[in-house]
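The chains referred to below are lettered A, B, ... by the order of the sequence lines, with proteins before strands, and numbering in each begins at 1. Because the structure is a prediction, the values reported are computed rather than measured.
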Amino acid sequence: MSQPALTIIAPGQAAGRRRRLLEIAGAAAIAATYIFLVLTQPADIANGPASFSALVALGGFLLGAVLLIAAVLPALPTSTVVLIPVALVLNVVLGQLMGSTGLPFYIDAIGTVLIAVLAGPAAGAATGALCSIVWSFFNPTVLPFAAGAALIGFLAGMAARGGLFRRFYLAPVAGFVTGILAGVVSAPIAAFVFGGTSGLGTGAIVSAFRAMGDTLLAAITKQALISDPMDKAIVFTIAALLAYALPRRTTFQFPFVRRYRVLAGKAPAAPDA
Amino acid sequence: MTPRLHPFTTLTLAVCAAVVTTAAAYWPLSVAVALAAVILAARHGIAGRVLTAGAVILTPLCLSLLVLHGLFFPEGQTVLAQWGPARVTAEGLGFALELGTRTTACVLVFLLFSFTVSVPDLVSALAGRRIPPQFGFVLASTLTLLPAVAGRLDRIRQAQETRGMVGGRGLLSRLGTLRLQMVPLVLALIDDAGSRAQALDARGFGSPGPRTSYREVADPPAQRLFRAAALVFAAAAVAGRIMASWPAGAAS
């Protein structure tokens, strides 16, 4: 009966190393897939539906996302794990609320960014990837974008750790940069798996670049560079506004917020221990 | 009807159908897969839900494909019509047809899976394998949280309206009403999550080790064999596609 308690230290270290390896393998799978797709795309797209590239994109990006989840999820504390469903629900509900204001953006990552700000990059990456997987129960087209969503969560967490959420004007800048990277990584999925973009508005921008003779991947990458940075700048701003609108008692209960002084202002005088 | 299929069997079937459709890149097959998904949905009595959800996702996607590739396909040779910079080419229309039917087939197959699967069965099946138990929790918790949040948002809106929240026409006033609803919702959800974490921790949620489940999902050997065969078939389809396409991909 006492065996688990006695043997818990050594496997714990081994498991930590295994998780680190899984994390690296996941990131490497995503990066290698992207590089491979960019290098092999031109001949493929003209020859017909990019079935080979679609399989490579789906396989590589999903493998990377699954490896990242397997590496990060078991190591997260319970207080962070219970936030992941909240993030997904916020992504959906706040996205719909923002849609009701009539702004022309697909603001669908507020929950992910908010959790990344409160709980750190690892939690953000796991939240992004898991949100895509669970949301694909209702809309299967978001599943291939799991790697891009994980990248958004990770970068938001790194920006929070770096103190970019302490000044209100730095949050949109961080969002802008995140949007550039996430848009570029997600472009091969949009190009090879869906052959374009899902929206009519973004489709019109892609059409304009195609009319100028760009390849499909180039056109979609340029479209992503136009719409994604703007979109993510807005998402980061809303997440920052929400983080500051929440009571201190709530935000400062997160160890990540206290340790890296993510938000401006002092911690509440009496820690709620 | 036949005894319930194990959740992994239906999941494997959905994944294999999507992979084989993508690998084949042959639009009659895509149409056949989509039709099969609709017929199966009709037999389960959920054709209406699957088709409605599918239409919401697929209509903008297919329209965008048609406009994008139907009018602008610089690689196309056979020009059917031309207005200024827009050229309708046979190749472009073919490309849009291939991708549209392929995406339709994959979306309908996955919607059929997610609308027929029993979530408690799926979660207990996941807990029985070497999948982190947190994953099952996130899945089940989200699916139960979503309807609850819709109700909560409605109550928040009613409460704020009794305090004088009026939706105006201008963007600023609309953003103002948005803030009045978003902040209480986010605060309540995060607060709830904190107390849920304590309750879960008190019941050993975060501790390592194997989990047991009250729920047993039968997994007959025949279904295991079938899953293995389906996976081998899908892998063969992918291998065939890679062998056929590799020179074209690597030549550039």
Side-chain angles (χ1 to χ4, degrees), chain A residues 4 8 40 42-49 51-55 58 69-70 73-74 76-79 81-86 88-90 92-94 97-98 101 114 130 134 136-141 143 194-200 203-204 206-207 210-211 213 242 245-247 250 253, chain B residues 22-23 25 53 57 60-61 63-65 67-69 71-72 74-75 85 95 98-99 102-103 106-107 110-111 114 132 134-135 137-139 141-142 145-146 149 153 171 174-175 178 181-183 186-187 189-191 193-194 196-197 200-201 205-206 209 238 241-242 245 248-252:
Chain A
I8 204 155
T40 59
D44 203 33
I45 198 82
N47 286 352
S51 157
F52 170 65
S53 303
L55 287 173
L58 280 174
I69 291 175
L73 198 55
L76 288 178
T78 309
S79 58
V81 173
V82 296
L83 280 178
I84 295 179
V86 171
L88 197 148
V89 170
L90 287 179
V92 176
V93 173
L94 297 188
L97 273 180
M98 289 303 296
T101 60
L114 186 65
L130 273 173
V134 177
S136 69
F137 271 70
F138 305 96
N139 183 353
T141 56
L143 181 62
F194 297 113
T197 50
S198 51
L200 280 173
V206 180
S207 302
R210 287 285 280 164
L242 278 175
L246 293 175
T250 305
Q253 80 188 11
Chain B
T22 309
I57 301 163
L61 196 123
L63 276 178
S64 134
L65 274 177
V67 171
L68 176 58
H69 299 298
L71 296 180
F72 305 97
E75 292 88 352
F95 192 80
E98 286 281 4
L99 280 169
R102 188 175 88 188
T103 312
C106 294
V107 165
F110 277 113
L111 283 178
S114 57
Q134 288 92 341
F135 181 77
F137 168 77
V138 168
L139 183 65
S141 175
T142 309
L145 205 60
L146 263 175
V149 166
L153 191 63
L171 184 66
R174 267 193 282 179
L175 285 178
L178 202 61
Q181 296 172 66
M182 267 157 81
V183 173
V186 175
L187 178 58
L189 285 175
I190 290 183
D191 211 44
R196 207 176 303 129
L200 282 167
D201 261 341
F205 177 76
V238 171
R241 166 55 58 183
I242 289 178
S245 296
S252 61

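- For L73(A), the parts lying near chain B are the backbone and the side chain together; criterion is any non-hydrogen pair under 4.5 Å.
- When every heavy atom of S79(A) is checked against every heavy atom of A197(B), the shortest pair comes out as CA-CB, 3.6 Å.
- Note that the CD1 atom of I190(B) and the CG atom of L114(A) stand 5.0 Å from one another [nearest 0.5 Å].
- With sequence neighbours excluded, the residues that form a side chain to side chain contact (heavy atoms under 4.5 Å, CB included) with L200(B) are T78(A), V82(A), F137(B), R196(B), F205(B).
- Side-chain contact check for I242(B) versus L55(A): every heavy-atom pair is 4.5 Å or farther apart.
- To the nearest 0.5 Å, atom CD1 of residue I84(A) and atom CG of residue L139(B) are 12.0 Å apart.
- Side-chain atoms of L146(B) and F138(A), non-hydrogen and from C-beta on, do get closer than 4.5 Å to each other.
- Your options are L83(A), L58(A), L90(A), N139(A), and the one with the most heavy-atom pairs under 4.5 Å with chain B is N139(A).
- Chosen from V134(A), V92(A), I69(A), the residue pairing most often with chain B at heavy-atom distances under 4.5 Å is V134(A).
- By the side chain to side chain contact (heavy atoms under 4.5 Å, CB included) test, L153(B) pairs with V93(A), L97(A), L185(B), sequence neighbours left out.
- Residues Q134(B) and L76(A) form no side-chain contact, since every pair of their non-hydrogen atoms from C-beta on lies 4.5 Å or further apart.
- Smallest separation of non-hydrogen atoms from L246(A) and V186(B): CD2-CG1, 4.1 Å.
- Among A70(A), P77(A), P74(A), the residue with the largest count of heavy-atom pairs under 4.5 Å with chain B is P74(A).
- For T103(B), the part sitting under 4.5 Å from any heavy atom of chain A is the side chain, from C-beta outward, and nothing else.
- You'll find the side chain of P140(A) reaches within 4.5 Å of the side chain of I57(B), heavy atoms only.
- Using a 4.5 Å cut-off between heavy atoms, V149(B) contacts chain A through its side chain alone, with no backbone atom that close.
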